[in-house]
Every structure is written in structure tokens, then in C-alpha cells.
J.: 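To start, I am sharing the structure in question, which I have written as C-alpha cells.
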Amino acid sequence: MANIFSSLKNAYNLFKHIDFNKLEALSKKVDLPKMVETISNLDDKQIQGMMKMMGGSHKKKELPPIEGDFYHLGDEALKDEDRELQLKVRAFLEKEVKPIVNHYWNKAEFPFEIIPKLAELNICGLTYKGYGCPGKSNLMEGILAMEMARIDTSISTFFGVQSGLAMGSIYLCGSEEQKQQWLPLMQQFKIIGAFGLTEPEVGSAAAGGLTTTCKKINGKWVLNGQKKWIGNATFADILIIWARDEDSGDVKGFIVKKDNPGFAVEKMQDKMALRIVQNGIITLTNCEVDEADRLQNANSFKDTAKVLQMTRAGVAWQAVGCARGAYENALDYTRNRKQFGKPIASFQLIQNHLVEMLSNLTAMQTLCFRLSQLQDQGLLKDEHASLAKVFCSLRTRDVVSKAREVMGGNGILLEYNVARFVADAEAIYSYEGTKEINTLIVGRAITGFSAFV
């Protein structure tokens, strides 16, 4: 009797889980008794394989973390306190910048609300000693430039102009009085700076062809000319302007205040890249500058070149960040995007693109790590920075192109966080020395012949 009740109970439990309408429909398509007999003869391993094929396993696959630093260079190279700072900056960018960046990029406007929050991080003028600056390594500065560009290259560029080009000009070429006056305020973002070298008709030829002039008249310097592509120019409090002395022919640097008579700036419009960066065209019309605001240790283009060498390494790191942001967003997309019933990350062609992207990214990272080590050891030369700029800006183009490719049509939409990197990579490719100019700097170093015009 007990066996009968047990059988009835099992039958009841079985019937509860059977959809008889579906069973009836199935019986019209297959020989149901034969199918049941066949399945009952399978061993446990065969049944498990069949259930897996049918989607019977509901255990979610645990995926590896998305990590653009594939060789863990940051873990090995940074002290604990520097690693902590890197993660602090990353958290700030993820929380404060990433959610708003597409909106501002699309409108070509700057998110001024983040400036006080950037100041709280205490990372401006990171490598300078004294004047309220942290005095950390060039490697650390490069990694933070990468972290910023990983979220948005425009924000990284704004920071690079403030901390590198503008502050760097005063730090390297200013008098002690000028350093004391400006650097502590700039370090806290209470004063915003810009750097005016490029002109409407003079880009790569700036070393010997500046058309902006300066002339000392009655104890003051009078500046005339135009500057173009000047980041931060529309809202900067002070601008470092480089001009050719009409009398000596030497290149000199000046701290020009935004309210100086004869100074005017116009915002550049319709850019397809770095849209958050507020580039301006500056016009100087008999603009008077006091002798006290002439950079006292800037007396030739060689002094200007010191600033450019220092910041060119930072642009190479920006290229790494741009590529890393594109790669990580593309990888995340491919693991979630499904076609033909499974994530496209499981397709061979997609994995091939991802591995090529990671290979380029890893090569760029290792090159920039060594570049920063040379800088920290005082061994950095122009050709070292130029080689990194050439290689990284070229490879970034490749990475962002493949990131856009694995996303298909979605790759051109801002919401998927790759289209910005595709556009911004074009700006990185050109600024701080074009590919051609940087190539000739390296070429001169390895051949002993100068191929400059």
C-alpha cells in the first residue's frame, strides 16, 4: 500500500510541472514515447550536456574584470600612497565627470562646477616642488593624465593646460617673485591659466616664425598679433603669450592678464573634437604688459621648448587614456550585446579586434612608463618625448577605430561612450607637435641629419 501511495505522490508532483497543452503540441511533431525512451537511456553526463544546450543551467557565468592595465604596471610601479591617489582620482572622474561629460561635449560647453572639486584633489602642479605643489613623480603625473583621458580627453586637456603649459611656463621660466605670486593660486585653481604659442598662420613653424611681436616702449612691452587654438582662453585669468622681440628677434614670454588693454579673445566654434575645451582666437592690439610680467628667464625659443618637452610626455599619456577608455567601454559593450542568441564577445572576429586593441594599448602603456622613468631620472630628451607622441597618437587611432567597429552602428552614438574617443583621438594626433614634426625630431636624433625645412 505504501508503494502505491508513493507512486501516486510522484505522479502528482510530475503532473504539476507538465504543461499538457505543450505536451500535446509536441506529440504531433515527434514520436513522444520513443523520445522519452531515448532520453531515459542517456547517462548523467549526456543529460547534463543536453540541458546545457537547452539553456537548462541558470548559473550566471562569472566574467573577468574589465582592466585596461593588462600587465599591472600601475600595481608594480606605484607606492601605496600614490596608488591610493590614483584610485581617488579615478573615483572622482567616475562619479563627477562621467555622468555629465556627454552633455557638455555635445553642447561644446565647459562644466565649471567641477573646478572646485578638482582643486580638492590637490593634484595641480603635481611634479613641482614648493609653492603649495605636491612634488610627486612624473610617472604619477602621467598616470593621472591617463586616468583623466580615460573618462574624457577634454577634461585631461584642460588640466594639462593649467597644470602643465601655463604653470610650467612660470615654473621653468619665471622669476622667483613670479613663481611666488602665481603658482600657489594656480595650484588651487583660484587663477586659471592658458598658453598662447600657436598662431593662425604659424603652427609647426613656431620655433622660427612667430608673427606675434613684442617691443619695449617707455618701460612697457607692447604686444601685437594673434594666437589660435588656445585652450582655456575664453575664461583664463592669465595667459602665457610667446612673442618675437622686434629689436633682437628673440622669443620672449609674457604673463598677460585678461583685463589688459588691447587684449581680446573669441571662442572658436564648430570643432569636431575636444568640444569641451574652450579654444580661443586671441587678438593683441598694442597690448601693454609691464616688465614685471615678462617671464624673466624666457629669452629664446629654447626656453619655450623646455615647457613643450615636459608637456609632450603628458600628451602621450593622454593618448593612452583615450585608447584605454575606448577599449574598456568596447569590451563592456561586447560582453552585454547579444546577437544570434549569445554575447558578441564570444565571437572569434570580435575577440580578434579586442586583442589587437589591448596589444596596442599595452605597448603604449609600457612605452609611456619608461618615458616617465627617464623624465624622473633627468634623462629625458626631445626625441624620447617625440617618439612616444608619434607612436601613441598613431596607435590610439587604431584602438578607437576598432572600438567603434565592434559596436556597429551604436559606435557613433554618444551614449555608448566611444564616439567621443574616436573624435578626440584626431585632436591628440595633431596637437603638441604633429606626427610629421615629431618624426623629424626623432629622425634627426638617430641619423645625425636634420630634415627640417
J.: Just by modelled atom types, is the Gln187 backbone N or O under 3.5 Å from a matching donor or acceptor in the Gln162 side chain?
T.: no
J.: Filter on salt bridge (charged side-chain N to carboxylate O under 4.0 Å, His left out), then keep only pairs touching residues 172-186, sequence neighbours left out; what's left?
T.: none
J.: Can you list everything that forms a side chain to side chain donor-acceptor pair (under 3.5 Å) with Asn297? Sequence neighbours excluded, please.
T.: none
J.: Please name all residues satisfying salt bridge (Lys or Arg N to Asp or Glu O under 4.0 Å) with Arg370, sequence neighbours left out, ordered by chain then number.
T.: none
J.: Could you check whether atom CH2 of Trp229 has more than 12 heavy atoms from other residues, nucleotides or ligands sitting under 6.0 Å from it?
T.: no
J.: Can you sort out the partners of Asp332 under salt bridge (Lys or Arg N to Asp or Glu O under 4.0 Å), two or more places apart, ordered by chain and number?
T.: none
J.: One pair to check against side-chain contact (heavy atoms from CB on, under 4.5 Å): Lys252 and Trp242. What are the steps and the verdict?
T.: CA-CA 6 Å; Lys252 291 180 166 56; Trp242 301 92; over 6 Å; no
J.: What residues form a salt bridge (Lys or Arg N to Asp or Glu O under 4.0 Å) with Arg397, not counting sequence neighbours?
T.: Glu426
J.: Decide yes or no for Tyr171 and Trp182: does some side-chain heavy atom of the first lie under 4.5 Å from some side-chain heavy atom of the second?
T.: no
J.: Determine whether more than 12 heavy atoms belonging to other residues, nucleotides or ligands lie under 6.0 Å from atom CD1 of Ile217.
T.: yes
J.: Let me see the working for Thr157 and Tyr431 under side chain to side chain donor-acceptor pair (under 3.5 Å), right down to the final yes or no.
T.: CA-CA 11 Å; Thr157 300; Tyr431 70 13; 3.1 Å; yes
J.: Below 4.5 Å, heavy atoms only, C-beta onward: do Leu87 and Glu84 meet side chain to side chain?
T.: no
J.: Closer than 4.0 angstrom, basic N to acidic O: yes or no for Glu356 and Arg395?
T.: no
J.: Counting only heavy atoms from other residues, nucleotides and ligands, does the tally under 6.0 Å from NZ of Lys267 exceed 12?
T.: yes
J.: Mind checking what makes salt bridge (Lys or Arg N to Asp or Glu O under 4.0 Å) contact with Arg275, not counting sequence neighbours?
T.: none
J.: Got a sec, which residues hit side chain to side chain donor-acceptor pair (under 3.5 Å) with Asn138, two or more places apart in sequence or on another chain?
T.: Gln375, Asp376
J.: Counting heavy atoms not belonging to Lys190, are there more than 12 under 6.0 Å from its NZ?
T.: no
J.: Report yes if the side chains of Met186 and Gln181 come closer than 4.5 Å at any heavy-atom pair, otherwise no.
T.: no
J.: Name all pairs fulfilling the salt bridge (charged side-chain N to carboxylate O under 4.0 Å, His left out) condition that reach into residues 226-243, sequence neighbours left out, sorted by first residue then second.
T.: Glu199-Lys227, Asp237-Lys258
J.: Can you list every side-chain hydrogen bond (donor to acceptor under 3.5 Å, both in side chains) pair that touches residues 93-102, not counting sequence neighbours?
T.: Glu94-Arg150, Glu96-Lys117, Asn102-Asn417, Asn102-Arg420
J.: Kindly write out the residues that satisfy side chain to side chain donor-acceptor pair (under 3.5 Å) with Glu266, not counting sequence neighbours, or none if the list is empty.
T.: none
J.: Look only at the side chain of Asp152 and the backbone of Ile155, and say whether a donor-acceptor pair between them is shorter than 3.5 Å.
T.: yes
J.: Are Phe92 and Glu120 side-chain neighbours, meaning at least one heavy-atom pair lies under 4.5 Å?
T.: no
J.: Between Arg83 and Asp80, does at least one N-O distance fall below 4.0 Å, as a salt bridge requires?
T.: no
J.: With sequence neighbours excluded, what pairs up with Phe112 under the ring pair (Phe, Tyr, Trp, His ring centres under 6.0 Å) test?
T.: Phe110, Phe235
J.: Between Asp290 and Lys220, does any side-chain N to carboxylate O distance fall below 4.0 Å?
T.: yes
J.: Partners of Lys257 by side chain to side chain donor-acceptor pair (under 3.5 Å), sequence neighbours excluded?
T.: Asp293
J.: Check the surroundings of atom CD1 in Ile412: do more than 12 heavy atoms from other residues, nucleotides or ligands lie under 6.0 Å from it?
T.: no
